[in-house]
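The block underneath contains the structure these notes are about, expressed in structure tokens.
Residue numbers start from 1 in every chain, and the chains themselves are labelled A, B, ... in the order their sequence lines are given, proteins ahead of strands. The shown structure was predicted, so the numbers you read here are calculated from the model rather than taken from an experiment.
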Amino acid sequence: MSPRRGISAEPLLAAPVLIMHRLLPSNLAPLPRVFFERPPLEVAPDLLGKLLLRRWRGAWLAGRIVEVEAYLGREDPAAHAWRGPTPRNRVLFGPAGHAYVYLIYGLHTCLNVSIQPAGNAGCVLFRALEPLAAGAAASPLRAMSGPGRLTRTLHIGRALNGCDLTRPGRLCLAADDWPCGLPARARRAGPEIRVSRRIGITRARALPARFFLPASPAVSGPRPL
DNA sequence: ATTACGATCATCT
DNA sequence: GATGATCGTAATC
């Protein structure tokens, strides 16, 4: 039996090694639906620093959002919603705050959150998460760096397509009291946010719609000024 | 019914 | 920087 060549969509790690809690920590509040009922270019940078939480086998797995991309809907040639509703993208045309999960390149899964009220099909793609703590209990940085890697590590598959991310079910988005550990001045200003073109698309290349926290080592791809 | 391609990743040069 | 893996989707015939 020859060794497996190339990449596979199997889980990176045999066991989850992210920070785990059996109960949703009380300092976490799911983001309300109104948070997502705004233009994608406003919501995307606001998601940086928030948490993505995945309930899996009785535990909550979590990562800090450090890189996202905005897709604008019908007016955006790079968006799945560009040509209008199809069986695949119908979640995008529904209410805001729901998971849009799809398979790309035959083997990778991408996770988005639907943005704007029903009828407007904007969304935000999650490109990288950072583990909440270093050490033996945390996953390697690379495990959630990249849209395909983060879904693999968090066991997010297409069965979660359409999931309401504003409720603490199997998958949700939440804010915590971060960045409470920073000095007061930094807390007011927030972390530095950088903007760039989106990655891996051929249409609407020039649009600055990728937002990331340059301070995070988990960011994928280039970090232009 | 058939086909072309993609919001990626790992491995190679 | 280039390439191959791999398959669901949507457009075309």
Side-chain angles (χ1 to χ4, degrees), chain A residues 1-13 36 39-41 43-45 47-48 52 63 65-94 96 98-116 120-130 139-163 165 171 173 194-212 217-224:
Chain A
M1 141 176 174
S2 63
R4 246 190 122 90
R5 307 304 248 136
I7 61 175
S8 88
E10 295 304 305
L12 268 183
L13 307 153
F36 304 101
L41 289 173
V43 176
L47 280 169
L48 296 175
L52 179 66
I65 299 165
V66 298
E67 182 186 355
V68 295
E69 281 177 355
Y71 287 85
L72 309 190
R74 302 219 44 171
E75 72 268 31
D76 180 2
H80 284 182
W82 183 45
R83 297 174 196 269
T86 67
R88 177 177 64 161
N89 68 20
R90 65 186 167 78
V91 171
L92 297 178
F93 291 86
H98 291 256
Y100 171 48
V101 185
Y102 66 91
L103 185 70
I104 188 68
Y105 296 115
L107 64 166
H108 297 295
T109 302
C110 288
L111 170 69
N112 304 248
V113 57
S114 63
I115 297 295
Q116 301 178 126
N120 294 331
C123 67
V124 172
L125 168 71
F126 295 99
R127 287 197 57 91
L129 308 179
E130 183 177 314
S139 61
L141 273 176
R142 73 173 181 280
M144 297 193 288
S145 178
R149 287 205 192 109
L150 76 88
T151 55
R152 192 184 349 167
T153 297
L154 292 177
H155 304 94
I156 294 169
R158 280 173 297 167
L160 290 172
N161 189 43
C163 176
L165 299 179
L171 189 64
L173 290 160
R194 224 170 271 179
V195 187
S196 78
R197 298 170 165 193
R198 294 174 290 188
I199 294 177
I201 57 171
T202 57
R203 294 177 291 225
R205 302 265 320 255
L207 184 70
R210 169 178 173 248
F211 301 88
F212 58 99
V219 170
S220 75
R223 307 179 183 215

Tell which nucleotide pairs with C/dA5, taking only Watson-Crick or G-U wobble pairs whose two distances are both under 3.5 angstrom. B/dT8
What is the distance, to the nearest angstrom, from the [atom1] atom on [X] to the [atom2] atom on [N]?
X: A/Y102; N: B/dA7; atom1: OH; atom2: P; result: 6 Å
X: A/R210; N: B/dT8; atom1: CZ; atom2: C1'; result: 14 Å
X: A/R198; N: B/dG6; atom1: CZ; atom2: P; result: 14 Å
X: A/N89; N: C/dG8; atom1: CG; atom2: C1'; result: 13 Å
X: A/I104; N: C/dT9; atom1: CD1; atom2: C1'; result: 10 Å
X: A/I201; N: B/dT8; atom1: CD1; atom2: P; result: 9 Å
X: A/R127; N: B/dT8; atom1: CZ; atom2: P; result: 5 Å
X: A/H80; N: C/dA10; atom1: NE2; atom2: C1'; result: 11 Å

What contact category does A/L125 fall into here, base, sugar-phosphate, or nothing, at under 4.0 angstrom with non-hydrogen atoms? base
Looking across every strand, which nucleic acid part, if any, lies under 4.0 Å from A/R158 by heavy atom: base, sugar-phosphate, or nothing? sugar-phosphate
Give the nucleotide from the list [options] with an atom nearest to the side chain of [X].
X: A/L107; options: B/dA7, B/dA10, C/dA5; value: C/dA5
X: A/L103; options: B/dG6, B/dC9, C/dC7; value: C/dC7
X: A/R152; options: C/dT9, B/dA10, B/dA7; value: B/dA10

Please state the P separation for the pair B/dT2 and C/dT6 - nearest whole angstrom. 23 Å
How far apart are the closest heavy atoms of A/A209 and A/V195, and which atoms are they? N-CG1, 4.4 Å
Examine B/dA7: is either OP1 or OP2 under 4.0 Å from a nitrogen or oxygen in the side chain of A/R88? Give yes or no. no
When you measure from the side-chain N and O atoms of A/R83 to the phosphate of C/dT9, is any distance below 4.0 Å, counting only OP1 and OP2? no
Side chain proximity check, [X] to [Y], heavy atoms < 4.5 angstrom:
X: A/E67; Y: A/I199; answer: yes
X: A/L111; Y: A/L160; answer: no
X: A/R88; Y: A/Y100; answer: yes

Intermediate values then yes/no, side chain to side chain contact (heavy atoms under 4.5 Å, CB included), A/F36 and A/L173: CA-CA 11 Å; A/F36 304 101; A/L173 290 160; 3.7 Å; yes
